[in-house]
Structure formats: structure tokens, C-alpha cells
Q: 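Take a look at this one; I'll ask things after.
Worth saying up front: this structure is predicted, and the values here are computed from it rather than measured. Naming: A, B, ... by sequence-line order, numbering from 1 per chain.
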There are 2 protein chains.
Amino acid sequence: MYTLDEIGKKAKQVTTTLAKASTEDKNEALRLIAKELIENQEQILEENAKDLKSAEEKGISTSVIDRIRLTEERIKGMSDALVQLTELDDPIGRVLEQWQRPNQLEIRKTAVPIGVIGIIYEARPNVTVDAASLCLKTGNAVVLRGSSSAIHSNIAIVSVIQKALKQSSLPVDSVQLIEDTDRKTAERMFRLNTYLDVLIPRGSKKLIDTVVSQSSVPVLETGAGNCHMYIDHDADPDMAVQLVINAKTQRPSVCNAIETVLIEKQWFKTHGKQLIEALKAHDVKMHGDHAVITLDDSIIEADETDWETEYLDLEIAIKTVESVDDAIDHINHYGTSHSEAIISQTEDHTVRFMNEIDAACVYHNASTRFTDGFEFGFGAEIGISTQKLHARGPMGLEALTSTKYQLYGNGQYKA
Amino acid sequence: MYTLDEIGKKAKQVTTTLAKASTEDKNEALRLIAKELIENQEQILEENAKDLKSAEEKGISTSVIDRIRLTEERIKGMSDALVQLTELDDPIGRVLEQWQRPNQLEIRKTAVPIGVIGIIYEARPNVTVDAASLCLKTGNAVVLRGSSSAIHSNIAIVSVIQKALKQSSLPVDSVQLIEDTDRKTAERMFRLNTYLDVLIPRGSKKLIDTVVSQSSVPVLETGAGNCHMYIDHDADPDMAVQLVINAKTQRPSVCNAIETVLIEKQWFKTHGKQLIEALKAHDVKMHGDHAVITLDDSIIEADETDWETEYLDLEIAIKTVESVDDAIDHINHYGTSHSEAIISQTEDHTVRFMNEIDAACVYHNASTRFTDGFEFGFGAEIGISTQKLHARGPMGLEALTSTKYQLYGNGQYKA
């Protein structure tokens with residue numbers, strides 16, 4: 001078992017080779033990993049069974065156990081995703097901008113790998129393959145740190161990945177796992193600035209908050225989604241109801257599902273009943289303001305905490321507002337800058353909402369559920385950034401790239 | 001005097017107004033500040049005199065005192081820079097990318113302000129105007145934290161800026177100064193994630209290291225430059241000598257000056273003497289390896305620390321190498337990923353150097369002294385980033401922007 005410093009050093013050492021790897025070399029490595037995963041699935045499932053047994057013995061919740069669980073089908077899914085990744089364009093080496101200065105100095109801004117990426121994640125062993133493959137595709141070395149609950153699965157998977165890398169032209173140390181699951185080791189990883197260029201936490205809000213607050217390595221933060229839908233005075237009632245139902249109920253556990261619906265008063269008077277009944281029919285538990293609770297006995301009176309809560313469940317807060325301004329103020333105050341929508345036919349209101357809401361994604365007349373790398377057409381997704389630097393919103397392969405300026409001269413010096 | 005939280009809150013509150021400010025409103029505010037600086041220069045110089053007196057009493061070094069000092073000419077320079085800034089394009093509101101999904105959902109990626117920017121800096125009161133104006137131009141609110149040694153000057157300058165803002169259509173709280181110069185307050189600022197979107201330290205390596213290591217707010221890191229120039233076997237001797245002299249001596253105290261020159265052995269045999277004599281003629285103190293010290297008695301034998309040192313002075317390390325590979329290895333090991341140059345006529349060597357060196361800026365046949373926002377043609381410079389996320393190399397106004405996805409639909413929901 002290597003120490004954290006040895007792992008960091010080995011990762012840093014392979015970055016030059018990885019940065020100059022050809023697209024075909026990288027894709028070949030991904031195909032080899034896809035093949036080895038299938039060929040070694042028995043071994044992976046055996047090791048996964050150890051994690052499952054240990055989780056059951058510890059009385060870990062069934063939902064977490066389900067996240068740890070691998071099956072032949074899930075391994076097939078991981079393998080297929082690797083092959084799909086080979087079909088995406090290589091973001092490395094693209095000349096993003098190019099210009100010439102009056103002194104004839106030619107400047108090119110080129111996409112390059114970031115270098116060494118640290119990934120900290122929880123239960124799901126499929127993240128091991130997913131994170132490793134996205135980093136390889138973008139020419140980055142990756143240092144993985146999963147949770148102790150999936151350690152046998154993760155060791156088995158990384159061993160299979162390294163077996164494939166040995167057959168490829170990429171360095172074996174391109175993908176490494178920190179096998180030491182001690183919390184102190186993770187904390188040291190947060191401060192491994194010498195070797196890590198970025199840390200990406202993937203998992204619960206608690207994990208992300210810990211990494212953000214303790215890390216001196218730059219963090220790519222993916223955050224919580226307290227998302228809203230605002231129904232304007234002239235919103236098409238059928239569209240509005242359909243979009244609220246979709247954004248709330250299609251998959252309530254995800255960050256781009258809505259948590260609060262804000263409704264302009266006149267629209268609520270005319271169509272409120274229709275919306276409440278649709279939510280009721282979908283078994284959505286409702287919290288509402290004074291105007292809302294009068295419509296149905298089952299609606300609980302909302303308080304301040306409801307406006308702040310990310311239910312991630314079949315549960316919603318409903319508030320009537322005077323105007324689009326009220327809606328914007330409420331969202332900019334309580335929202336988490338993730339995904340926000342307006343349903344309206346008034347251009348002026350729409351323009352103001354789209355411009356004044358401070359969020360990664362703002363929607364007009366569509367469900368917030370499209371905030372997703374695949375739905376955006378990126379073909380891959382690292383996560384959804386809710387921070388303002390580097391990348392904001394769904395992050396595709398480009399989010400794993402940096403840039404480099406290449407300047408070509410013929411003897412220019414500074415006067 | 002407001003508390004840190006009050007300042008943060010007020011900054012956050014004005015972000016919506018600032019984000020929708022028109023280009024003309026922002027430029028008008030910059031022109032008003034330029035005017036007020038000149039009209040109130042007497043008051044500013046009086047307050048600056050207090051800082052100078054106190055610095056002298058404390059026995060602060062003359063070079064730091066010079067950084068604190070304001071003069072009519074320096075204030076004129078600050079005022080002129082503000083007017084020049086109004087002539088630059090507004091980076092906010094530009095549609096950076098735009099595409100349509102198969103379901104007709106239209107996606108636009110638009111440039112928006114970051115929000116609230118915290119600037120931590122040392123002695124120079126001109127940074128107060130510089131940082132504030134760049135943030136205003138990009139629609140960001142700014143919270144400034146200067147050093148106690150320039151506190152009277154800073155208070156006077158921010159009071160003049162706010163006087164100008166009162167006459168403009170931008171909120172007065174767009175620019176605020178933390179008047180409390182206690183170190184504990186700065187440390188709390190590092191963790192003010194609720195209100196600050198980014199922290200930019202401007203000053204010494206020590207200041208930057210402190211902010212990077214202690215901050216939970218994302219940091220835009222501007223770093224040290226241990227820059228190199230590699231002279232290849234067939235480098236034009238006159239060009240090589242001229243570029244080494246320029247990159248070392250034109251302004252030795254800056255981060256894009258070179259600190260080590262690497263020389264291919266055959267070139268050194270033929271032209272080494274010419275280079276050494278030129279450096280000697282420019283009073284450059286030299287540290288060299290075994291081959292180099294044989295050429296002149298004044299050259300000190302270099303050791304490991306010389307390869308690591310950023311002299312920032314008329315002092316240089318010289319090393320002979322076998323090949324471009326050796327040069328690349330040396331630079332990727334000892335460099336700080338700032339600015340690196342190759343002088344060569346061999347295409348293969350040049351391509352490898354330009355691709356394999358891991359640095360913000362790599363040069364072919366030109367001086368490293370062009371790593372600068374103005375030399376790049378950005379018209380402004382926030383600093384030179386040596387980190388890999390968000391921005392790398394010289395940062396112009398764009399580095400102070402984030403993005404937002406605006407999605408336009410006609411009822412799209414996720415199936």
C-alpha cells in the first residue's frame with residue numbers, strides 16, 4: 001500500500017505522458033478497460049459481496065446498500081458507458097483562440113489537461129469507473145478516494161483498470177486508488193496542493209461542505225438544488241401544471257427537481273385548484289401560505305424553513321406572490337443558484353427573470369429537469385457546478401480541461 | 001464602521017442591480033470616479049501623508065514606503081486608467097455559445113458577473129482604485145481589504161469612490177472597504193462563503209500562500225514565476241543573447257523575468273562566452289554549473305537552491321543540458337508553471353517544448369516579459385494566474401466573469 005505522498009508523486013509524474021497522449025491512445029485505453037471489466041466481473045462481484053456483507057452486518061440502510069451493490073447488469077452499464085465515451089470528441093489540443101499582436105507575436109490559447117484530479121466520493125463503486133474514465137479521456141491523472149463501505153469493490157475495480165492500462169500505451173499510474181480509508185488520510189488529501197490541481201467531491205451535501213471548508217486544493221463544487229418554478233399571471237394553465245408535475249415528481253430525489261412553486265395571485269385564483277389537484281393526484285405532500293391552505297385541508301401551513309428546504313421527495317412548498325419581482329426576490333434569497341424556471345407569456349417578465357435570477361440555469365417554459373450534462377448534449381457529466389468559478393451548471397469533459405498560452409515569435413523582446 | 005457580516009450582506013444585496021447595469025451606466029460611474037479622484041486629490045494626499053509618517057516612525061523599509069506613497073502624478077495615473085477602462089468592451093451579457101437540442105430546447109451560455117469579489121492586498125493604495133474599477137466594469141461588487149500601513153489612504157480613496165458612486169446610477173455599496181485591519185478580521189474574510197464568491201490576493205507570495213491555505217472561499221491565485229529560457233543547439237546567437245538579456249534585465253523584479261537559463265552543450269561551447277559577457281556587461285550576478293564556471297571567475301558555482309530560486313534581481317542561474325528533453329524535465333521539475341521559453345530553429349524541438357512544458361505561457365523565440373494582460377492586448381490586468389482552474393496566465397476582464405445558462409422552451413418536460 002502506497003502512502004498518500006507516493007500516490008501524489010506518481011500521479012504528478014505521469015501527467016506529461018498523459019498530456020501528450022493521442023486521442024486514439026486514450027480511446028484504446030478506455031476500450032481495454034471496458035473489455036477487462038466484463039472479463040473480470042466475477043472477481044469484482046466477489047469483492048463487492050464482501051462490502052455488501054460487511055454493510056449488512058453494520059446495519060447500514062438498504063438505500064445505501066443498494067448504492068454499493070454491483071450486478072452483472074450494472075457492470076455492463078459501466079462498460080457500455082466507457083465505449084460511449086470513446087465516441088466523444090477529444091477536448092484536448094483544441095485551439096480556443098488565436099490572435100496576433102502588433103509586434104507580430106502570435107498568441108494561441110490551447111485546451112490542455114488540468115493535471116492531477118482528486119476525486120472524493122461515497123458508497124457507489126460505479127463512480128470509480130466513471131471518474132477514472134472521464135479523467136483519462138481528458139488526459140488527466142486521477143487519485144480516487146472512495147468510502148470504506150465500498151473499499152473491496154474499489155480495490156478490485158482499480159486493479160482491473162490498471163490491468164487494462166498495462167496493455168495500453170497510457171501509464172498504469174494514470175488511475176490510482178487511496179486504499180487507506182482513514183479519515184485523517186482524506187483530510188491530508190484536502191491539503192495535498194503539491195500534487196493535486198483540483199479536488200472534486202461527489203456525494204452528499206455534508207461531504208461537499210467538508211471538502212469546501214477544509215481543502216486548500218481548489219475544489220470543483222457541485223451543490224444542492226433548492227429549485228423553484230414561478231407561474232406568471234398569464235401562464236398557460238395546462239403547461240404550468242404539466243411542468244410543475246414533471247419538475248417535482250419525475251424523479252424527486254435529484255438536485256434539479258423543484259422544491260417550491262411560486263404563483264402569481266391572479267393565476268392562482270383562476271387555476272390554483274387545478275394545480276393543487278394534480279399535485280394531490282401525484283401524492284405530493286404540500287406546504288402552502290395562507291392563500292394556498294384555504295384550497296385543500298391536506299395542505300400544511302408553510303413556515304420559513306419550508307422556503308429553505310430541499311425536500312428531495314414527493315413534497316413541495318407553494319407560495320403566492322404579487323409579481324415577477326416578488327418571485328425574483330424570493331428565489332435570489334432562498335435559492336441555491338442551481339435551476340430556476342418561469343412559466344409566462346409576457347416577454348418583459350421573462351426577460352427580467354432570465355437576466356435577474358442568479359443561477360447556473362434559468363428556464364423559460366420548460367422543466368428544470370434538463371439541468372444535466374446528457375440533456376445538454378455534452379455526452380458525459382462530471383456533476384453540476386453551483387459555484388461561479390471555472391465551470392457553472394452541468395459540467396461535461398471541458399470542465400476537466402485547463403488552458404495554456406503558446407506564443408510564437410521571431411525574436412520579440414520588451415522595449 | 002460596519003462589521004464584516006454587514007459589509008458582506010450589503011455587497012450581496014447590490015449584486016442584482018450591478019448585474020443588470022448597462023455598459024453606459026458602468027462607464028459613467030468610472031468617469032465620475034476618475035473626476036472625483038482629481039478633484040479630491042488634496043484630501044487623499046493629506047491622508048496618505050499620515051500613512052507615510054506612521055510608516056517612517058515604524059521604520060518600514062524605503063521600498064515599502066515608496067509603494068505606499070501617492071503623488072499628484074500617481075493619482076493622475078489612476079484617474080487616466082479609469083478613463084481607459086471605459087473604452088474597453090463590456091464582457092457582460094455576451095452570448096458565448098448557443099445551440100438547440102433535438103427537443104427544440106434552446107440553450108444559451110451567457111457571460112455574467114461573478115457576484116461579490118473580495119480583494120486582499122498590501123501596501124499599494126493604487127490597488128484600491130485598480131481593483132474597484134475592474135470589478136465595477138464587470139458588474140461585480142467588491143469588498144476591499146488593504147493593509148494597515150495604507151489604511152488612511154484607502155479610507156480616503158474609497159470615500160471618494162463612494163462619493164462618485166452616489167452621483168452615478170450604481171449602488172454606493174458596490175465598493176466597500178473593510179476598515180478593521182485586524183488580522184483576525186482578514187481570517188474571517190477567508191471563510192465568508194455566504195457572501196463572497198471569490199477571493200483575490202494581490203501581493204507577496206506569503207500573502208498568497210496564507211490565503212490559499214486558509215480560505216474556504218474559492219481563490220484566484222496569482223503566483224510566483226521561476227521562469228526559464230532554454231537555448232537550443234541551433235539558436236541564433238544574437239537573438240538568444242538579446243532575449244536572455246531582455247528577459248532578465250529589462251525589469252528583474254517582476255514575475256515574468258527569467259531566473260534560470262538552460263543551454264544546450266554544443267551551443268554553449270560555441271557561443272557561451274558571448275552570453276556570459278553580455279550578462280556581465282549588464283551587471284548580472286551569475287550562478288553556473290561546472291561547465292559554466294570555467295568560463296569566468298566571477299561566476300559562482302550553482303547548487304540545488306539556485307534552480308529553485310526566484311531571484312527577482314540582477315542575478316541568474318545558468319545550466320548546460322544535453323538536449324531539449326533535459327530542458328523540459330528540468331523546467332517541469334523546478335518551474336512554477338508561469339512563463340517558459342525556447343530559442344530554437346528546430347521545429348521538432350519547438351513543438352515538443354511548446355506542448356510538453358506545463359506552464360501558463362510557453363514562448364518560442366520571444367522574451368517571457370510579454371506575459372502581461374496589456375501585452376496580450378486585454379487592455380486591463382487582474383493578475384497572472386498560475387493555477388489551472390477558471391483562468392490561467394494573464395487575466396483580463398473576462399477572468400472576473402462567470403456564466404449562466406438560459407434555456408428557452410415551449411413546454412418541454414423530461415420524459
Q: Could you look at A399(A) and say if it's the side chain, the backbone, both or neither that has a heavy atom under 4.5 Å from chain B?
A: neither
Q: Using a cut-off of under 4.5 Å on heavy-atom pairs, state which of R101(B), E106(B), K20(B) scores highest against chain A.
A: R101(B)
Q: Would you compute the distance between atom CD of E375(A) and atom CD of Q412(B) and round it to the nearest 0.5 angstrom?
A: 11.0 Å
Q: How about R191(A): does its CZ atom have over 12 heavy atoms from other parts shown lying under 6.0 Å from it?
A: yes
Q: Between Q387(B) and S402(A), does the side chain to side chain contact (heavy atoms under 4.5 Å, CB included) criterion hold? Intermediate values first, please.
A: CA-CA 9 Å; Q387(B) 64 173 28; S402(A) 181; over 6 Å; no
Q: Measure the spacing between CD1 of I245(A) and OH of Y413(B) and express it to the nearest 0.5 Å.
A: 12.5 Å
Q: Ignoring hydrogens, what is the shortest heavy-atom contact between D372(A) and K414(B)? Give both atom names and the distance.
A: OD2-NZ, 4.3 Å
Q: Give, as side chain, backbone, both or neither, the part of N332(B) having an atom under 4.5 angstrom from any heavy atom of chain A.
A: side chain
Q: Strictly distance-based, threshold 3.5 Å: is any side-chain N or O of Q250(A) a donor or acceptor partner for the main-chain N or O of A415(B)?
A: yes
Q: Which atoms form the tightest heavy-atom contact between S213(A) and S216(B), and what is the distance?
A: CA-CB, 3.8 Å
Q: I need the F370(B) CZ to I107(A) CD1 distance, nearest 0.5 Å.
A: 9.5 Å
Q: Count the heavy-atom pairs under 4.5 Å between each of K404(B), R369(B), H364(B) and chain A, then report the option with the highest count.
A: K404(B)
Q: Between V112(A) and chain B, which part of the residue has a heavy atom less than 4.5 Å away: side chain, backbone, both or neither?
A: side chain
Q: Need one label for M354(A): side chain, backbone, both or neither, based on atoms under 4.5 Å from any heavy atom in chain B.
A: both
Q: With only heavy atoms counted, which part of E356(A) is less than 4.5 Å from chain B, the side chain, the backbone, both or neither?
A: both
Q: Tell me whether the rings of Y405(B) and F378(A) are parallel (<30°), tilted (30 to 60°) or perpendicular (>60°).
A: tilted
